Trainee: 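Here it is: the structure, laid out below.
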Amino acid sequence: MNIRIPNSFDDVSGTARTAPDRAKTASERSIGWGRVVRWALGLLILAVLAWAIYVSLAPAKKPKTPPAPVLVTKVVQNDLPVVEHQIGTVVSNATVQVTARVTGELLKAYFTEGQMVHKGDLLFQIDPGPYQAAYNNAAATLATAKVKAERYAALMAQKAVAPQDADDAKAAYLVAQANVDAAKLNLSYTQIRSPINGKTGALLIQPGNQITAGGSSSTGPTTAATTNAALVTITQVTPIKISFSLPQTDLPAIQRRMGAQQAMPVTLTPQGDTTPLTATVDFVGNQVSDATGTIELRATFGNQSNTLVPGQIVDVGVTLDALKGVLVVPHDAINLGPSSSFVYVVKNGNAVMVPVQVLHDDATNAAIKGAIKPGDTVIVDGQLKVIPGKPVHITGQGKGKPGGGAPTGGAK
């Protein structure tokens with residue numbers, strides 16, 4: 001009896017399957033798993049796209065802005081002087097070009113270049129020989145004319161000579177006297193003395209040169225004049241004046257001050273220096289410049305230590321008035337808005353923009369008027385990062401205080 005053993009059994013019924021049946025089952029299984037994988041990948045792609053769309057459409061969270069760091073100070077009520085700042089020029093009270101008044105050889109100079117001299121000091125000596133001889137000759141002629149005039153006067157009293165002869169003798173005597181005075185004057189001109197107190201400049205003509213009256217010089221007694229220059233220039237430096245100009249809008253304040261005989265103090269700071277000097281305005285110009293719309297003022301400074309030099313540039317601050325009992329803040333607390341000035345006042349930790357009217361600003365302190373009161377806290381540094389109505393972080397007090405001291409240089 002032949003028994004046939006099956007190669008495969010059905011998973012459920014256990015019946016034997018042939019080879020074609022087994023191949024068909026494997027293919028069906030492969031197709032089923034491929035569908036599952038494709039569906040899974042599709043769902044995954046759809047999920048990713050949905051997430052990307054959600055993230056792109058969702059509102060972005062704004063990063064939290066930290067409070068702006070600022071420096072502050074207090075508003076004070078104080079008197080504030082009205083000070084105008086300008087650029088001034090140092091000018092001398094007198095500048096003299098010393099020239100010769102007689103012709104001759106320049107023998108000697110009695111000073112060194114840059115020396116301080118006083119009025120009457122001997123500066124130069126011109127050869128006095130020719131002028132001494134001329135004086136002696138004039139003196140001899142005078143003696144003869146005097147004797148003749150006296151003799152003719154005595155004879156005239158006796159009616160021994162004609163009146164005309166007596167008059168001629170007297171006239172000759174007077175001419176001789178005039179010649180003596182002229183010769184004596186020319187002799188004195190051979191010594192050239194300083195006409196003012198001041199400082200000498202460079203020696204423009206050296207001793208040994210032949211000079212002529214009026215300031216021209218030559219290299220020899222028979223050579224034509226080659227220059228028309230002074231021997232030396234003397235400049236008065238003590239005291240000295242500072243010239244500066246103010247706009248004509250300040251003219252009413254200047255006139256009120258001068259009319260009340262109130263001094264206008266001036267502070268002078270040479271450029272490159274930090275030590276201020278003091279002076280007082282003693283001259284106000286008599287007209288306003290058409291070209292600049294300004295009026296000139298001058299202040300006198302003692303300059304005993306020769307600190308200032310003519311032509312030097314100085315920073316000038318002149319006090320024109322004083323504002324009484326005004327609200328004062330540092331200059332750096334003032335900000336410029338589109339329509340008016342304003343300050344930032346810190347209230348409850350927030351920065352509040354308060355419009356103000358600037359009554360006066362001297363670049364150090366400012367007098368203001370507005371919805372602000374003494375004791376309010378204002379920002380003097382860090383305004384660029386401040387957002388109106390937002391919190392601020394106070395990192396310290398400003399270096400400057402209203403009414404004294406230079407405030408810190410805050411950004412505007």
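Because the structure is a prediction, the values reported are computed rather than measured.
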Trainee: Minimum heavy-atom separation for Leu123 to Phe111, with atom names?
Mentor: O-CD2, 3.6 Å
Trainee: Ignoring hydrogens and angles, tell me if any N or O in the side chain of His360 forms a donor-acceptor pair with the backbone of Ala322 under 3.5 Å.
Mentor: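 Here the side-chain-to-backbone pair does not exist.
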Trainee: Measuring from atom CG of Leu268 to atom CZ of Phe301, what distance do you get when rounded to the nearest 0.5 angstrom?
Mentor: 7.0 Å
Trainee: After noting the C-alpha distance and the side-chain angles of Val356 and Val329, does the key distance pass the side-chain contact (heavy atoms from CB on, under 4.5 Å) rule?
Mentor: CA-CA 11 Å; Val356 295; Val329 297; over 6 Å; no
Trainee: Report yes if some heavy atom in the side chain of Phe244 is under 4.5 Å from a heavy atom in the side chain of Val281; otherwise report no.
Mentor: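 With C-beta onward as the side chain, the pair touches.
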Trainee: State whether the side chain of Asn348 and the backbone N or O of Asn350 hold a donor-acceptor pair below 3.5 Å, judged by distance alone.
Mentor: no
Trainee: Check whether Asn209 reaches the backbone of Ile211 with its side chain - one donor and one acceptor, N or O, closer than 3.5 Å.
Mentor: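 No; judged by distance alone, with no hydrogens or angles, the pair does not exist.
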Trainee: Could you tell me if the side chain of Val386 sits less than 4.5 Å from the side chain of Met353, heavy atoms only?
Mentor: no
Trainee: Could you pull out the closest heavy-atom pair between Pro310 and Thr235, with the gap in Å?
Mentor: CG-CG2, 3.7 Å
Trainee: Nearest heavy-atom pair of Ala202 and Val232: which atoms, and what distance?
Mentor: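 Heavy-atom minimum between the residues: O-CG2, 3.5 Å.
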Trainee: Whether the side chain of Ser243 engages the backbone of Thr89 through a donor-acceptor N/O pair (distance < 3.5 Å, no angle test) should be reported.
Mentor: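 No.
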Trainee: Is there a donor in the side chain of Ser194 and an acceptor in the side chain of Lys119, or the other way round, less than 3.5 Å apart?
Mentor: no
Trainee: Heavy-atom distance under 4.5 Å between the side chains of Thr300 and Phe283, does that happen here?
Mentor: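 They are not in side-chain contact.
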Trainee: Before you tell me yes or no, could you show the steps for Gln312 and Gln271 under side-chain contact (heavy atoms from CB on, under 4.5 Å), namely the whole-Å CA-CA distance, both residues' side-chain angles and the distance that decides it to 0.1 Å?
Mentor: CA-CA 9 Å; Gln312 185 177 1; Gln271 293 189 348; over 6 Å; no
Trainee: Indicate yes or no for a side-chain donor-acceptor contact from Asp321 to the backbone of Thr319 under 3.5 Å, with no hydrogens or angles considered.
Mentor: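 No, the answer is negative, given that no donor and acceptor are paired below the 3.5 Å cut-off.
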Trainee: Roughly how far apart are Thr95 OG1 and Ile234 CD1, rounded to 0.5 Å?
Mentor: 10.0 Å
Trainee: Rounded at 0.5 Å granularity, tell me how far CD1 in Ile192 sits from CG in Leu231.
Mentor: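 Going from CD1 on Ile192 over to CG on Leu231, the span is 5.0 Å.
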Trainee: If you round to the nearest 0.5 Å, how far is CG of Leu44 from CG of Leu49?
Mentor: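 Here the rounded value is 9.5 Å.
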Trainee: Does a side-chain heavy-atom distance below 4.5 Å link Gln97 with Thr233?
Mentor: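 Counting from C-beta outward, Gln97 and Thr233 do come under 4.5 Å.
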Trainee: When you measure from the side chain of Asn136 to the backbone N and O of Gln132, does any donor-acceptor pair fall under 3.5 Å?
Mentor: yes
Trainee: Take Gln255 and Val284, measure what side-chain contact (heavy atoms from CB on, under 4.5 Å) needs, and give me the verdict at the end.
Mentor: CA-CA 9 Å; Gln255 292 172 334; Val284 178; over 6 Å; no
Trainee: Rounded to the nearest 0.5 Å, how far apart are CD of Gln287 and CD of Gln248?
Mentor: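 The CD atom of Gln287 sits 12.5 Å away from the CD atom of Gln248.
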Trainee: Indicate the atoms forming the closest heavy-atom contact of Tyr189 with Arg101, along with that distance.
Mentor: OH-NH2, 3.1 Å
Trainee: Can you give me the closest heavy-atom contact between Val314 and Pro270, atom names plus distance?
Mentor: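 Scanning both residues, the minimum pair turns out to be CG1-CA, 3.9 Å.
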Trainee: Could you tell me whether a side-chain N or O of Thr307 sits under 3.5 Å from a main-chain N or O of Asn303, the two making a donor and an acceptor?
Mentor: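 Here the side-chain-to-backbone pair does not exist.
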Trainee: Sub-3.5 Å donor-acceptor pair from the side chain of Gln236 to the main-chain atoms of Gly198, do we have one?
Mentor: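 Not at all, since once roles are kept as given, no pair shorter than 3.5 Å links the two residues.
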Trainee: Is it true that a side-chain atom of Thr190 and a backbone atom of Asn186 form a donor plus acceptor pair closer than 3.5 Å?
Mentor: no
Trainee: Got a sec: does the NZ of Lys199 have more than 12 other heavy atoms crowding it under 6.0 Å?
Mentor: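 No, because the 6.0 Å sphere around NZ of Lys199 holds 12 heavy atoms or fewer from other groups.
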Trainee: Are Ile394 and Val70 close enough that some pair of their side-chain heavy atoms sits under 4.5 Å apart?
Mentor: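 Contact flag for Ile394/Val70 side chains = yes.
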Trainee: What's the separation between atom OG1 in Thr294 and atom CG in Asp250, rounded to the nearest 0.5 Å?
Mentor: 10.5 Å
Trainee: Please lay out, stage by stage, how Val343 and Ile379 fare under the test side-chain contact (heavy atoms from CB on, under 4.5 Å).
Mentor: CA-CA 7 Å; Val343 297; Ile379 297 175; over 6 Å; no
Trainee: Provide the closest heavy-atom pair for Ile334 versus Ile368 in the form atom of the first, atom of the second, distance.
Mentor: CD1-CG2, 3.6 Å
Trainee: Does a side-chain heavy-atom distance below 4.5 Å link Gln86 with Leu246?
Mentor: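 In short, these two side chains touch, coming nearer than 4.5 Å.
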Trainee: Is any side-chain heavy atom of Val72 closer than 4.5 Å to a side-chain heavy atom of Val392?
Mentor: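 SC-SC contact between Val72 and Val392 ruled out.
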Trainee: If you measure only the distance, is there a donor-acceptor pair under 3.5 Å linking the side chains of Lys74 and Thr377?
Mentor: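 Yes - a donor-acceptor pair under 3.5 Å links their side chains.
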Trainee: Less than 3.5 Å apart, any donor N or O on the side chain of Gln125 or Gln191 sitting next to an acceptor on the other?
Mentor: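 Per modelled atom types, Gln125 and Gln191 side chains form a pair under 3.5 Å.
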Trainee: Does the side chain of Gln206 come within less than 4.5 Å of Leu106's, by heavy atoms?
Mentor: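 Heavy-atom side-chain distance check fails, nothing below 4.5 Å.
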Trainee: Going by an N to O cut-off under 4.0 Å, is there a salt bridge joining Asp376 and Lys373?
Mentor: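 Here Asp376 pairs with Lys373 in a salt bridge, since their nearest N and O are under 4.0 Å apart.
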